[in-house]
Amino acid sequence: MTTRVIIVDDQAMVRAGFAALLAAQSDIDVVGEAPDGAQGVELSRRTHPDVVLMDVRMPEMDGLEATRRLLEPALGVTHRPRVLMLTTFDVDDYVYEALRAGASGFLLKDAPPADLIAAVRVVASGDALLAPSVTRRLIADFAKQRPAARGKPALRLKGLTERETEVLTLVARGQSNGEIAQTLVLAEQTVKTHVSRVLTKLGLRDRAQAVVFAYESGLVAPGE
C-alpha cells in the first residue's frame with residue numbers, strides 16, 4: 001500500500017529535498033507541495049494525503065493553524081490526514097500546541113534522511129512519533145508552564161480501569177508497547193489492546209494526544 005504525502009514548507013529547497021527523498025521510496029507517493037499553511041490546507045482538501053509534513057513557522061498561515069484546520073475540519077469535510085510537524089527548533093511552543101491539536105508528532109528538519117522516511121511510515125501506520133527524547137522533553141517543559149487541569153480532563157480519568165491508568169502513565173513517560181509489556185509483565189498484544197481502549201475511552205486520536213492528556217490531567221507530573 002502506497003502512502004500519499006504532501007509537503008508544506010515555505011522554503012522551496014526544503015520542499016524539493018524532502019520530495020526527492022520520499023519519492024524515491026517505493027511505498028511513498030509525494031502528491032503535492034505548498035509554501036504556506038493556507039495553501040497546504042487547500043492542497044490537502046484536493047489531494048487527500050495520508051500524511052502531511054507541516055512546517056511550524058510559515059507566512060500567511062503557520063503550521064499550527066493549518067493543523068487545526070486539517071484535524072478539526074469544517075462541517076462536511078471528512079478527510080483528516082496524519083500531520084507530522086517539521087521544525088528547526090528542538091523545543092517550540094508551537095509544536096506543543098500542534099500536538100494538542102492532534103498532530104501525530106514532530107521531527108527536526110536536520111534529522112537524518114532515514115529518520116524522515118521512518119517517521120512518515122510510523123505516522124502513516126497510525127502510531128505517534130514519540131520515540132525521540134526531545135519530544136517528551138518538549139511536552140514536559142511546556143506542561144510545567146501550565147497548571148494541571150481540573151474538571152473535565154481529570155474526571156475523564158475515572159472512566160479508565162486501574163490497568164488502563166497504569167498503561168496511560170507509562171505511555172506518557174515515553175515507553176513503547178514492548179517496554180510497557182516488560183514493566184507490567186504482560187503480552188505486547190495485551191498492551192496494544194489496553195492502549196486502544198484508553199484512546200477510545202478518552203476520545204484521543206493517538207499516543208501523542210494521550211501524552212499531552214496525561215500531563216494536563218495531572219496523571220503525570222513533569223520531571224517524574
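Numbers here are sequence positions counted from 1.
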(request) Assess the side chains of D36 and Q39: does a donor N or O sit below 3.5 Å from an acceptor N or O? (result)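 Side chains of D36 and Q39: pair found under 3.5 Å.
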(message) Regarding T2 and D27, do their side chains bring together a donor and an acceptor under 3.5 Å, going by distance alone?
(response)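 On atom types as modelled, these side chains do not qualify, holding no pair under 3.5 Å.
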Are side-chain heavy atoms of [X] and [Y] found at a separation under 4.5 Å?
X: K109; Y: D9; answer: yes
X: E72; Y: R80; answer: no
X: L184; Y: L170; answer: yes
X: V195; Y: V171; answer: yes
X: R15; Y: V30; answer: no
X: I180; Y: K192; answer: no
X: V41; Y: V8; answer: no
X: L107; Y: L53; answer: no

(message) If you apply the rule side-chain contact (heavy atoms from CB on, under 4.5 Å), what do you find for L86 with M54, and how did you get there?
(response) CA-CA 6 Å; L86 299 169; M54 181 77 75; over 6 Å; no
Gap between atom [atom2] of [Y] and atom [atom1] of [X] - 0.5 Å precision:
X: E166; Y: R163; atom1: CD; atom2: CZ; value: 4.5 Å
X: L64; Y: R69; atom1: CG; atom2: CZ; value: 11.0 Å
X: D206; Y: S125; atom1: CG; atom2: OG; value: 10.0 Å
X: D29; Y: L22; atom1: CG; atom2: CG; value: 10.5 Å

(message) Checking the side chain of T190 only, and the main-chain atoms of L186 only, is there a donor and an acceptor separated by less than 3.5 Å?
(response) no
(request) Begin with the C-alpha distance, continue with both residues' side-chain angles, and end with the deciding distance and a verdict on salt bridge (Lys or Arg N to Asp or Glu O under 4.0 Å) for R57 and D10. (result) CA-CA 8 Å; R57 297 180 178 179; D10 62 332; over 6 Å; no
(request) Considering non-hydrogen atoms only, spot the tightest contact between V83 and T67 and give its length. (result)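 So the minimum-distance heavy-atom pair works out to CG1-OG1, 3.6 Å.
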(request) Identify the two heavy atoms, one from A19 and one from E33, that lie closest to each other, and give their separation to 0.1 Å. (result)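 Smallest heavy-atom distance, with atoms named: CB-OE2, 3.6 Å.
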